[in-house]
Amino acid sequence: MTGTMVKGLTNAQIAWRAAQDIADGAYVNLGIGFPEMVARYQPPGRQAIFHTENGVLDFGEAPPAGQEDWDLINAGKKAITLKPGAAIFHHADSFAMVRGGHLDVAILGAYQVAETGDLANWRVGSKGVPAVGGAMDLVHGAKRVAVITDHVTRDGQPKLVDRCTFPLTGVACVTRVYTSHAVVDIAEGRFVLREKLPGQSLEDLQAMTGARLHLDGPLTDLTVPELAE
Amino acid sequence: MTGTMVKGLTNAQIAWRAAQDIADGAYVNLGIGFPEMVARYQPPGRQAIFHTENGVLDFGEAPPAGQEDWDLINAGKKAITLKPGAAIFHHADSFAMVRGGHLDVAILGAYQVAETGDLANWRVGSKGVPAVGGAMDLVHGAKRVAVITDHVTRDGQPKLVDRCTFPLTGVACVTRVYTSHAVVDIAEGRFVLREKLPGQSLEDLQAMTGARLHLDGPLTDLTVPELAE
Amino acid sequence: MDKTIATPAAAVEGIADGASVMIGGFGGSGAPIELIHALIDRFRATGSPGGLTVINNNAGNGRIGIAAMIDAGMVAKMICSFPRSSDPRAFTERYLAGGIALELVPQGTLAERIRAAGAGIPAFYTPTSFGTELAEGKPVAEFDGRMYVQERWLKADVALVKAETADRHGNLTYRLAARNFNPLMCMAAARTVVQASRVVAAGGIDPELVVTPGIFVDAVVEVREPQQEEALIRAGVGYA
Amino acid sequence: MDKTIATPAAAVEGIADGASVMIGGFGGSGAPIELIHALIDRFRATGSPGGLTVINNNAGNGRIGIAAMIDAGMVAKMICSFPRSSDPRAFTERYLAGGIALELVPQGTLAERIRAAGAGIPAFYTPTSFGTELAEGKPVAEFDGRMYVQERWLKADVALVKAETADRHGNLTYRLAARNFNPLMCMAAARTVVQASRVVAAGGIDPELVVTPGIFVDAVVEVREPQQEEALIRAGVGYA
């Protein structure tokens with residue numbers, strides 16, 4: 001890695017940035033874990049409707065501790081609540097929503113994203129117990145599939161790559177990546193840089209990235225408020 | 001046609017005979033028109049559960065005239081009522097029941113039935129407006145597909161034939177035929193005669209039939225009570 | 001979020017010439033008569049939308065609903081399982097004169113093709129129609145020793161649907177057997193327009209009792225005492 | 001007609017060695033704990049049924065339910081989408097030791113394969129898993145310019161299902177998100193055994209509110225205050 005180290009966005013800040021692109025009334029599926037954080041940062045006046053694979057539409061926050069109903073959980077097996085206008089349905093209908101193109105946005109985590117739009121986010125090798133859940137379904141069907149991720153791994157390896165080396169979750173499915181350092185679109189097999197941290201040079205960002213970052217249209221500053229984690 | 005003319009069973013009597021083979025608690029679909037008559041003749045103590053393609057299970061008789069609810073109809077568009085234990089569902093679930101092998105019996109009318117089990121019951125030629133409805137679905141899926149029919153057409157042509165000449169509804173699907181003159185099973189591409197009218201000779205019955213009637217096991221009398229039409 | 005629209009006329013505004021239109025209902029139950037008639041009004045006033053492909057189990061009855069669309073000359077093609085009824089004149093006359101196309105689909109295959117479209121399943125195999133003229137030209141395949149026909153999903157530009165209760169998010173329930181094709185068509189169209197006898201606030205339908213989740217619905221218009229097709233036919237009413 | 005059976009033990013009597021068993025539930029919601037434990041009791045007492053193939057979204061958690069079946073040594077193979085949980089020891093240990101087989105299926109494909117089995121659809125195409133290792137060896141096909149994977153139906157000998165209310169005809173409703181795979185599994189098994197918190201007379205469930213029609217159900221046993229898997233796990237309860 002070359003150049004000055006720039007402090008990247010926190011997970012909360014990445015989630016905040018992703019949340020700004022979700023329209024009022026959008027139907028959204030957030031992957032288990034880090035992506036769930038996106039729900040916290042909806043801009044005022046906007047209310048997305050959240051879908052969970054196990055058959056609930058329009059669920060809300062976790063109930064207070066001790067008031068959980070364990071028959072009312074999300075795909076991450078966390079207790080949830082229902083908002084007015086919620087609906088409950090079985091798994092085949094739930095994945096009809098996913099596969100049938102009815103979700104406006106799915107936001108997922110990633111081990112690697114390729115400039116082709118390929119995503120690897122379910123397995124890092126061939127050891128241990130493999131588990132795929134709904135990830136392979138979610139990457140096909142949602143009108144827009146976005147990824148939120150650190151720009152590099154903990155040991156500094158790029159997560160935005162030319163070709164994924166980990167097992168694929170889906171082929172040519174991701175169209176936007178929100179990272180700790182940039183917002184990158186994927187179009188016609190290329191990474192197109194849309195936003196970068198104001199304190200970092202294009203060269204430094206490129207050096208952290210495993211494939212060519214293209215410019216196409218305006219490049220703006222990635223500015224995000226300070227947020228408690 | 002040779003031999004003495006024997007008075008065949010009426011439609012009501014054919015329906016009665018078919019009804020005797022329906023077990024208590026069986027799930028049954030009756031084709032529109034003549035087959036619907038089977039519901040009238042369930043033996044005492046037995047209660048079949050009737051399915052209609054448009055999404056009702058366990059419906060009952062027509063309501064009294066003037067008390068129809070036209071949002072509660074059967075596949076023949078006749079007003080029905082609901083029995084205790086009824087369920088309502090959409091068309092895809094309804095045909096999941098049909099195609100998925102959940103019905104115990106489907107009883108249909110026929111233009112022709114072949115010794116192969118092929119059925120022709122939706123169209124007699126290429127003129128006019130074709131209409132198929134649920135017939136092609138019903139012949140695949142029900143655990144037992146039976147036909148009720150006059151043994152011959154109005155002008156004396158056999159309806160039990162070696163090969164259907166009318167457009168097919170389904171291939172190798174019928175396993176039993178209840179006619180005005182006989183009960184005939186279809187097994188391994190052959191008509192196997194099970195019951196015939198006591199007053200008619202085997203030769204006469206064969207002469208009314210367009211394919212060979214085989215004997216395999218006991219041949220019993222087809223005896224049916226007198227019934228008002 | 002509020003998917004309600006004030007009038008049937010406004011609800012059917014966007015439907016274009018040549019569109020494919022799924023219309024819910026089975027015979028006289030579950031037909032969105034007010035939406036259909038609003039579409040006919042628009043066609044009479046503006047000449048548009050014409051050349052429609054209509055997807056329904058039947059092909060109209062009497063002189064109302066889909067039959068009135070056919071009479072008005074808006075329909076180029078019907079995709080249905082049973083284009084007959086107690087009074088099928090509108091379709092029959094035009095069909096026999098070569099003025100309307102017909103794609104005949106077995107009823108269960110029609111339902112499943114629509115459901116497949118809604119579920120993102122481009123093709124599936126069914127035993128239905130194997131060895132018949134309705135399978136001609138379609139791929140067949142053997143599974144576990146039995147032969148099946150490959151069928152494709154069936155999508156539409158618009159679905160016109162009749163519901164009993166809707167909330168403002170588009171969650172729906174249906175009345176009795178008026179359910180039929182309606183929930184499937186909601187899933188399969190690019191735009192789903194619903195007339196409901198009653199529109200309630202979000203939260204007005206128990207989440208466990210929702211039949212069609214609002215994600216499948218784009219627009220809801222309240223039609224408080226909707227006409228019932230079969231009742232209109234029996235009363236000899238026409239829409240001319 | 002009365003599909004009720006007196007006890008969970010009687011309800012699981014017919015399940016044979018080597019059977020494929022669908023078990024409803026997703027994580028800790030909707031798992032038919034009493035039926036599962038009755039099956040374990042039978043295995044402990046008689047050594048049967050063993051060598052089972054279990055179909056569930058997960059592969060057990062803690063030391064109860066499916067995890068306890070695995071611990072008991074009854075399970076030869078799991079078909080699931082996510083064999084991990086907060087406490088997946090039972091499966092993990094046995095899997096890594098080569099003592100249990102795993103067929104990993106994407107969650108939506110798992111649901112659709114089960115639904116297809118219930119609906120008489122032997123195969124269908126899905127975009128899910130195209131180009132990944134989970135599609136290896138499966139036929140692929142192009143429709144409208146996009147690639148899809150062919151998936152087969154998934155049937156079972158028995159389904160064990162948890163419902164909220166059942167009537168004596170087997171009509172069912174479910175509690176909240178405990179619905180999940182349960183209605184699909186009812187459709188896909190040769191024999192469907194249901195535990196319900198409440199069994200009512202036929203007519204005790206509004207026909208419009210039935211989620212699983214009784215035609216998909218063979219046996220119903222009332223378990224009045226059923227155990228909730230997640231609650232048991234949090235309480236550290238095991239079934240040993």
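Below, chains carry the letters A, B, ... as their sequence lines are ordered, and counting in each starts from 1.
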ask   = For Phe26(D), is it the side chain, the backbone, both, or neither that has a heavy atom closer than 4.5 Å to a heavy atom of chain A?
value = both
query = Hey, what do you get for CG (Asn180(D)) to CG (Asn54(A)), rounding to the nearest 0.5 Å?
reply = 7.0 Å
message = With a 4.5 angstrom heavy-atom cut-off, is it the side chain or the backbone of Arg179(D) that approaches chain A, or both, or neither?
response = side chain
message = With chain D as the partner, which of Ala96(A), Ser94(A), Gly128(A), Gly55(A) has the greatest number of non-hydrogen pairs under 4.5 Å?
response = Gly128(A)
inquiry  = Using only non-hydrogen atoms and a strict under-4.5 angstrom cutoff, which residues of residues 99-110 of chain D touch chain A?
reply    = Leu102(D), Leu104(D), Val105(D), Pro106(D), Gln107(D), Gly108(D), Thr109(D)
query = With chain D, which of Gly170(A), Ala86(A), Ala75(A) has the greatest number of heavy-atom pairs at distances under 4.5 Å?
reply = Ala75(A)
Gap between atom OG1 of Thr212(D) and atom NE2 of His90(A) - 0.5 Å precision = 8.0 Å
query = Counting only heavy atoms not in Glu142(D), do more than 12 fall under 6.0 Å of its CD?
reply = yes
Derivation of the side chain to side chain contact (heavy atoms under 4.5 Å, CB included) call for Trp70(A) and Ile233(D) = CA-CA 11 Å; Trp70(A) 295 110; Ile233(D) 289 163; over 6 Å; no
inquiry  = Quick check: closest heavy atoms across Phe130(D) and Val171(A), and the distance to 0.1 Å?
reply    = O-CG2, 3.6 Å
note = Correct closest heavy-atom pair for Ile88(A) and Leu176(D) would be CG2-O, 3.3 Å
inquiry  = So Glu68(A) and Glu230(D), do their side chains get closer than 4.5 Å, heavy atoms only?
reply    = no
inquiry  = Are more than 12 heavy atoms, taken from residues, nucleotides or ligands other than Arg146(D), located less than 6.0 Å from that residue's CZ atom?
reply    = yes
ask   = What residue, out of Gly25(D), Pro88(D), Pro183(D), has the most heavy-atom pairs lying under 4.5 Å from chain A?
value = Pro183(D)
request  = State the CG-OG1 distance between Leu119(A) and Thr132(D), to the nearest 0.5 angstrom.
outcome  = 11.5 Å
request  = For each of Pro167(A), Gly134(A), Pro130(A), tally heavy-atom pairs with chain D at distances under 4.5 Å, and name the one with the top tally.
outcome  = Pro130(A)
inquiry  = Taking CD in Gln150(D) as the centre, count heavy atoms belonging to other residues, nucleotides or ligands within less than 6.0 Å. Is the count above 12?
reply    = yes
key: Engaged part of Ala172(A) at the chain D interface, taking heavy atoms whose separation is under 4.5 Å   = neither
query = How long is the gap from NE2 on His91(A) to CG on Leu184(D), to the nearest 0.5 Å?
reply = 8.5 Å
ask   = Considering only heavy atoms, which portion of Phe91(D) lies under 4.5 Å from any heavy atom of chain A: side chain, backbone, both, or neither?
value = side chain
ask   = Given side chains that start at C-beta, do those of Tyr148(D) and His140(A) come closer than 4.5 Å, heavy atoms only?
value = no
ask   = Going by the salt bridge (charged side-chain N to carboxylate O under 4.0 Å, His left out) test, which pairs reach into residues 83-98 of chain D, not counting sequence neighbours?
value = Asp87(D)-Arg89(D)
remark   = Most heavy-atom pairs under 4.5 Å with chain A, out of Ala178(D), Gly131(D), Pro127(D), belong to Pro127(D)
Which portion of Leu138(A) sits near chain D, non-hydrogen atoms under 4.5 angstrom = neither
task = Under 4.5 Å heavy-atom distance to chain D, tell me which part of Val56(A) shows up: side chain, backbone, both or neither.
result = side chain
message = Below 4.5 Å, heavy-atom pairs only: which of Arg175(D), Met147(D), Glu112(D), Arg115(D) has the largest tally toward chain A?
response = Arg175(D)
ask   = Where on Asn182(D) is there a heavy atom nearer than 4.5 Å to chain A: the side chain, the backbone, both, or neither?
value = neither
ask   = Considering all heavy atoms of both residues, which atom of Lys77(A) and which atom of Gly27(D) are nearest to each other, and what is their separation?
value = CE-CA, 3.5 Å
task = Return yes when atom CD of Gln20(A) has more than 12 non-hydrogen atoms of other residues, nucleotides or ligands closer than 6.0 Å, and no otherwise.
result = yes
remark   = Smallest heavy-atom separation, Ile73(A) atom then Ser29(D) atom, equals CD1-OG, 3.6 Å
query = Relative to chain A, which of Leu134(D), Thr126(D), Ile114(D) shows the most heavy atom pairs under 4.5 Å?
reply = Leu134(D)
Atom pair OG/CD of Ser81(D) and Glu53(A) - distance to nearest 0.5 Å = 9.0 Å
ask   = Non-hydrogen atoms of chain D under 4.5 Å away: do they reach the side chain of Thr52(A), the backbone, both or neither?
value = neither
Contact class of Asp69(A) relative to chain D, heavy atoms under 4.5 angstrom = side chain
